[in-house]
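Each remark here refers to the structure printed beneath this line.
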Amino acid sequence: MSNDGERSTPGKGLVQGLAVTLKTMTKRSTTQQYPDVEPELPPRSRGVIALLEENCTVCMLCARECPDWCIYIDSHKEEVVVPGAARARQRNVLDRFDIDFSLCMYCGICIEVCPFDALHWTPEFEYAETDVLDLLHTKDRLGDWMRTVPPPPAHDVLGEPSKEEATAARKAAGPGAATAAKTARRPATTATPPTKAAAPAASPPAKAAPPAKATPPAETTPEAPGGTTPDGPERER
């Protein structure tokens, strides 16, 4: 009986089931032949966690925020003598950084809260062990996983540059180039607002030329009557 109270055709469900079976049998199988053929995983797959020891400052944020408490960190302090400083400074030296993957639930909180990008996701997932105690990875083994970390995706050419890129571009361009650092990542086709032309520097006023000396008028010799001069014979005018 159907939900409407009508009597269904006998054998209808069997025919529908066989139709689904025949339809599936005609399709090509998409089974991946693992482990003979390695699967193509997306770049953001959550496999094992890799550690870049050079970036770790032992801030303990990852261990504090881990909901499973599966990260164990030990360190000690060393004095660093800085030339010209009044006193020696101290820095943290990482002694132990272990992650127990038998307790990890792969939430990714430790990677998100790390302020110096010391932890990275890697799509590597072939690290199963026969003993559960071997799933405790030390800092040396976590550092070996860095070779499997995929490169970061390229930035959007239309997006704004990161703070690090803007700061580096501003330092390279020199003082007063903050606007150029923001537009360093913009494509060439993007119209940029016209910038005001720099006013030419005012040149010092030119010195006034000294006044020319007045030349005395030429002396004229009065002519004598008869067209002759007192000093010589008559000259033609």
Side-chain angles (χ1 to χ4, degrees), residues 32 34-156 159-172 181 185:
Q32 295 183 354
Y34 177 81
D36 298 334
V37 179
E38 295 184 359
E40 296 181 2
L41 300 177
R44 297 184 63 182
S45 299
R46 296 189 177 187
V48 70
I49 299 176
L51 170 67
L52 187 59
E53 186 176 352
E54 293 80 5
N55 291 1
C56 183
T57 59
V58 201
C59 63
M60 304 293 292
L61 283 177
C62 55
R64 293 171 182 172
E65 298 296 333
C66 178
D68 291 336
W69 293 87
C70 61
I71 301 178
Y72 312 100
I73 301 176
D74 291 332
S75 65
H76 69 278
K77 293 184 178 295
E78 287 184 357
E79 290 188 353
V80 179
V81 179
V82 180
R87 59 178 182 177
R89 300 180 180 179
Q90 292 184 347
R91 68 182 182 94
N92 294 324
V93 179
L94 185 64
D95 295 331
R96 178 192 181 192
F97 195 106
D98 299 345
I99 298 180
D100 192 354
F101 286 101
S102 63
L103 300 176
C104 179
M105 64 179 185
Y106 304 93
C107 62
I109 295 179
C110 58
I111 298 177
E112 295 178 1
V113 300
C114 181
F116 300 104
D117 293 335
L119 299 175
H120 301 270
W121 278 121
T122 169
E124 185 65 34
F125 62 92
E126 296 178 337
Y127 56 96
E129 301 290 348
T130 57
D131 190 358
V132 69
L133 298 179
D134 294 335
L135 289 176
L136 182 67
H137 292 193
T138 61
K139 66 175 183 177
D140 295 334
R141 190 172 181 184
L142 294 175
D144 293 339
W145 294 120
M146 282 299 302
R147 56 182 174 81
T148 62
V149 175
H155 293 286
D156 187 4
E160 296 183 357
S162 61
K163 295 181 180 179
E164 293 79 3
E165 291 178 340
T167 303
R170 185 166 56 252
K171 290 182 179 180
R185 291 275 307 285

Distance check, rounded to the nearest 0.5 Å: [X] atom [atom1] versus [Y] atom [atom2]?
X	Y	atom1	atom2	value
Ile99	Leu135	CD1	CG	12.0 Å
Ile71	Leu142	CD1	CG	9.5 Å
Met60	Glu65	CE	CD	12.0 Å
Arg87	Glu79	CZ	CD	10.5 Å
Met146	Glu54	CE	CD	8.5 Å
Asp134	Arg141	CG	CZ	7.5 Å

Side chain proximity check, [X] to [Y], heavy atoms < 4.5 angstrom:
X	Y	value
Thr167	Glu164	no
Phe116	Leu61	no
Asn92	Lys77	yes
His137	Leu51	no

Considering residues, nucleotides and ligands other than [X], do more than 12 of their heavy atoms fall under 6.0 Å from its [atom1]?
X	atom1	answer
Glu40	CD	no
Arg89	CZ	no
Gln90	CD	yes

Please confirm whether the backbone N or O of [Y] pairs with a side-chain atom of [X], one donor and one acceptor, at under 3.5 Å?
X	Y	value
Asn55	Asp117	yes
Asp100	Cys70	no
Thr122	Thr148	yes

Measure across [X] and [Y] and return the closest heavy-atom pair with its distance rounded to 0.1 Å.
X	Y	answer
Ala50	Val149	CB-CG2, 3.9 Å
Cys107	Arg46	O-NH1, 3.0 Å
Ile73	Cys62	CD1-SG, 3.7 Å
Met105	Pro67	CE-CG, 3.2 Å
Ser45	Trp121	O-CB, 4.2 Å
Cys56	Leu94	SG-CD2, 4.1 Å

Item to check | Trace of the side-chain contact (heavy atoms from CB on, under 4.5 Å) decision for Glu53 with Phe97 | outcome: CA-CA 9 Å; Glu53 186 176 352; Phe97 195 106; over 6 Å; no
Item to check | Whether Tyr106 and Phe101 hold their rings parallel, tilted or perpendicular, with breakpoints at 30° and 60° | outcome: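 Parallel.
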